[in-house]
Amino acid sequence: MRTNPTARNDAPARKGKVSPAVWAFVITSTAGFMAALDNLVVTTALPSIRAHLGGGITDLEWTVNAYTLTFAVLLMLGAALGDRFGRRRLFTIGLGLFTVSSLAASLAPSIGALVAARAAQGVGAALLMPVSLTLLTNAVPAAKRGVAFGAWGAVNGMAVAMGPLIGGTVVEHLSWQWIFALNVPIGILLLPLARLRLTESFGPNSRLDVTGTALASAGLFGIVYGLIRGNADGWTSAPVLSGLVGGAVLLVGFLVWESRTAHPLLPLRLFRNRTFAAVNAASMLMSLGMFGAIFLLSQYLQNVQGYSPMGAGVRMLPWTGMPMIVAPLAGLLVDRIGGRIVIAVGLALQAIGLGWFAAIAAAHISYTSQIPGLVISGTGMALFFAPVAAVLMGSVRPEEQGVASGTNNALREVGGALGVAVLTSVFTARGSYASGQSFVDGLVPALWVGAAVIAMAVVAILIAPRRSSAAKAQAQPVESGTQAGTPVAEEETPTAEPVA
């Protein structure tokens, strides 16, 4: 019988011992939580960082953007390196780098040193994130992947949403250094567990697409840099235009190269799969709307409503806490009815939630009037994050899951950077920080834009077929009368969505 070429050992756990699937979930979701958390956790600490280390507004921006940039542009490289050198090995290297750079950030003596440490954190996160989902896929039986992916996605989604709460709490009760220092003991604990409890796996292609990697990384860097610096430097300034135009040209060159090379970093044929293309489009649009909204709403609660960083985070708990309640149910729904409808409903609820906020936002409103919007948005976020991993990984072959995960994460990071830039640009066109009313004047149109973008994501995911081509390939041997236990065709891939 042919064995899975991507994994070395799928033996079941002995009775009474923790199964490999449980170990894989705990290790990968904990590491993913740390990496996802660092997207927004630093935002509530910026005043304290400036008071301690100095620096202007541009320096403070880079404490956030250095992480986002390196994370976004190196995710695809991380997936390719994992396929080439071993996914467990890359996961361990990325986790080690993330841990060491977190320590460096907590000990940074200057704003420049902090920015450099944040960039190194982004590199570590880019190495571990795209391979973590593939490692989990290899460890979990196909019948249970819906629940596992749902829980994994919920943990990562919760980390993004809870960044302001955790950051505000740590800053208020400890200091800004502890935002980074808390990663260190967790990383030290996970490193030996990853080495001992995760099963190594490889992609089938032993070659690295060096040219494609360089073109994609440079192109993404240019575009993300332009998006991040657009508001500060002006959208028509030479650096911003150079980044956007140059990045776009490089990405076109990347697509041309990938269509011709024998060993592409990103097989473009994946995007001929409607499910894969729809999930990635929806993920990017969702991040655009959600990241930009969280960035502005956390400031609204502090600057307009007058709450402390921790107080603002606590009042966002109806949003950030909903995934813990809804995500397990969403994972079960994926196994029963498929992820497409669950994702669409989740996106629709997110759009409705942002629309609620846009409709009621004012300089002086009660907190109780905000709760429905928070609950609706939180429920929608849980319904999106829980099944999206299952649908994504079920749309490609097992040997393509590493690059699929890297592509999806990269597009979500780019979407997040775009969301902050676009929604902030809309905000500054109509409002300012001069007064509470001025802030609301800019917040309202920005939230409507975010809601409209997420509504577009609903349309994108509904374009996906009810069953992916990978699922059909898996079902075909059964439908044609192939006996149980016979090796399936090379096209098959496990999927969490129901098959006939």
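Trp356 is listed as a side-chain neighbour of Pro372, based on a closest heavy-atom distance under 4.5 Å. Counting heavy atoms from C-beta on, the side chains of Leu74 and Leu127 never come closer than 4.5 Å. Residues Gln305 and His364 are not in side-chain contact: their nearest non-hydrogen atoms beyond the backbone lie 4.5 Å or more apart. Looking at Ile371 and Arg315, their side chains never come closer than 4.5 Å, going by heavy atoms from C-beta outward. Side-chain contact check for Arg88 versus Arg195: some heavy-atom pair is nearer than 4.5 Å. A 4.5 Å side-chain heavy-atom check between Ile360 and Ile365 finds at least one atom pair inside the cut-off. You'll find the side chain of Phe71 reaches within 4.5 Å of the side chain of Met129, heavy atoms only. Between Met284 and Leu288 there is no side-chain heavy-atom pair separated by less than 4.5 Å.
Atom NE2 of His173 has more than 12 heavy atoms from other residues, nucleotides or ligands within 6.0 Å.
Taking CG of Leu193 as the start and OG1 of Thr92 as the end, the distance is 10.5 Å to the nearest 0.5 Å. Note that the CG atom of Asp441 and the CZ atom of Arg430 stand 7.5 Å from one another [nearest 0.5 Å]. A distance of 8.0 Å separates CG in Leu103 from CD1 in Ile188, rounded to the nearest 0.5 Å. With rounding to the nearest 0.5 angstrom, the CD1 atom of Ile27 is 7.0 Å from the CG atom of Leu190. Summarising the geometry, atom CE belonging to Met286 is positioned 9.0 Å from atom CE belonging to Met381; distances are rounded to the nearest 0.5 Å. Here the CZ atom belonging to Phe180 is positioned 9.5 Å from the CZ atom belonging to Phe98, to the nearest 0.5 angstrom.
Minimum heavy-atom separation, Val453 to Leu285: CG1-O, 3.3 Å. Across Ala218 and Leu250, no two heavy atoms sit closer than the pair CB-CD1, 3.7 Å.
Ring centroid separation for the pair Phe439 and Phe427 comes in under the 6.0 Å cut-off.
Distance alone, capped at 3.5 Å, places no donor-acceptor pair between the Ser377 side chain and the Leu374 backbone.
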